[in-house]
2 protein chains.
Amino acid sequence: MDGRESVASTSLTLHLALVEAALQLVPREIQSDPQIKKYAERRMKRPTEVLLDRAFHHMAMQKLARKRFRLPVEKMGRPDIIHNTLLQILETPLNWEDQLRVFIHTQDDYVISIDPRIRLPKNYTRFIGLIEQLFAKKQVPERGDALMKIGKGTVQSLITRIRPSQVLGFSVLGQPTLMRTAAKDAGKITDPLVFIGGFPRGHFSSETRRALNSTLKVDRASLDAWVVAGRFVYDFEWVIGVAQRRVKTKNEQP
Amino acid sequence: MDGRESVASTSLTLHLALVEAALQLVPREIQSDPQIKKYAERRMKRPTEVLLDRAFHHMAMQKLARKRFRLPVEKMGRPDIIHNTLLQILETPLNWEDQLRVFIHTQDDYVISIDPRIRLPKNYTRFIGLIEQLFAKKQVPERGDALMKIGKGTVQSLITRIRPSQVLGFSVLGQPTLMRTAAKDAGKITDPLVFIGGFPRGHFSSETRRALNSTLKVDRASLDAWVVAGRFVYDFEWVIGVAQRRVKTKNEQP
């Protein structure tokens, strides 16, 4: 008993997807780049098996941009965004109450589903290793119940699968709204699905925009994905009364 | 103009300190441990210059625990906690409005002051390098205006310096309270100071407990430092009207 067991009385579930996430293997075009080869070697992997990461592959990525491969290079190669966001939302009362479902849609159109019971590695290097294993084996752990699964899928395929009554997205290009108002509205609909951009700069693609029922701007400036996700999960907890129920529980008091 | 400039009309400032933070150089007792030596060598540093990190030094730390050096080993060596927490609170509207001051008090009684204008490295490896530089040079950058400064200091010295009218701490051993209520109360006092434990398990030391005016429990389970910090900053923004002011600002609308 560590207090994480559920005290739920409602079954309302928030579906949260990080979309167009900057989480991808090194693209074919730069697999033979010296910076990439050296990085892969040091990690005892093949260049085809490692995640693109701007922190280590900046020079190779500049080459990718210059060569005009029609890749959105400025949006790519930031697995830390996904790691930080997951850390901020998976170890929360909402998830412990089993009222959160998290998905990652990547820029290469993969969809990762995450089991709420996962205990994510807190260390970045371990997280990278885990995601690389996921790309290689299609699920982790490789045998038994998957805690993460990956398969090809678009933003639209995610919607077909979840069948939300509404899809909300956060963007500085959206309608000015207080996040708490957005959470309140989301609490009133069945199976709300929220899209948060999993990339460092730029905006939702036209495909993503077409999938949204509403686009909301919650601050004048662009907020990091992990800030938006953490705050929305918290507001949603409040709207459906999770915080109130859990903090009033007396069975752990002396 | 990226929307981060202030629209403030109030000068209320939240002081937030991560206390007893698991951020320390490798202790003398294990500097000659093979795991530590190998790690330092790979990073081209001396064992005296590297941060203790459970993700890489687990075996050496077990030795530290066994040898009964009277160190709180289970609370030590987690720089990721500090990195994640800072990422969650420094790039927020409250900080952009210059109404947040962040401090880190470490388990070895150092106090780190952070300039609100800092742009923290998002990458973990870079963050580690920056903190190691801070320990070595006492400020970063080494010349010019410091974005981070470090000096010896206790929890009590932090209080003497900030002179808060009240010190709140979050702990599962505290009084059950809704976090929003705590934020509302903090918004009513002058220079509130909030303590959040910067360690992976265990509770505040007796020295820290003596410094607290109130200890609050906001969930049945223990929450990660970055979740507590992110949520409290957000609630505080709401209480003092930051979110409301910033999202209503029309000068960026078409």
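Residue numbers begin at 1 in each chain, while the letters A, B, ... track the order of the sequences.
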With a 3.5 Å cut-off and no angle check, do the side chains of [X] and [Y] form a donor-acceptor pair?
{"X": "Gln107(B)", "Y": "Gln24(B)", "value": "yes"}
{"X": "Tyr39(B)", "Y": "Asp33(B)", "value": "no"}
{"X": "Asn84(A)", "Y": "Tyr124(B)", "value": "no"}

Are side-chain heavy atoms of [X] and [Y] found at a separation under 4.5 Å?
{"X": "Pro27(A)", "Y": "Met76(A)", "value": "yes"}
{"X": "His203(A)", "Y": "Val172(A)", "value": "yes"}
{"X": "Leu16(A)", "Y": "Val233(A)", "value": "yes"}

Between Gly230(A), Pro93(A), Pro79(A), Ala243(A), which has the largest tally of heavy atom pairs under 4.5 Å with chain B?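 The residue among Gly230(A), Pro93(A), Pro79(A), Ala243(A) with the greatest pair count is Pro93(A).
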Residues in residues 125-134 of chain A that sit under 4.5 Å from chain B, counting heavy atoms only: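 At a heavy-atom separation under 4.5 Å, chain B is reached by Thr125(A), Arg126(A).
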Can you say whether [X] sits under 4.5 Å from chain A via the side chain, the backbone, both, or neither, judging by heavy atoms?
{"X": "Gln175(B)", "answer": "neither"}
{"X": "Arg180(B)", "answer": "both"}
{"X": "Val227(B)", "answer": "both"}

Between Thr177(B), Thr92(B), Ile81(B), Ile89(B), which residue shows the highest count of heavy-atom pairs closer than 4.5 Å to chain A?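 So the answer, after comparing Thr177(B), Thr92(B), Ile81(B), Ile89(B), is Thr177(B).
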Going by the side chain to side chain contact (heavy atoms under 4.5 Å, CB included) test, name the single residue among Leu23(B), Ile112(B), Leu87(B), Leu51(B) that passes it with Ile82(B).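 Running side chain to side chain contact (heavy atoms under 4.5 Å, CB included) over Leu23(B), Ile112(B), Leu87(B), Leu51(B) with Ile82(B) returns exactly one hit, Leu23(B).
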Start with the C-alpha distance between Leu86(B) and Trp226(B), add both sets of side-chain angles, then the distance that settles side chain to side chain contact (heavy atoms under 4.5 Å, CB included), and finish with yes or no. CA-CA 8 Å; Leu86(B) 293 179; Trp226(B) 54 85; over 6 Å; no
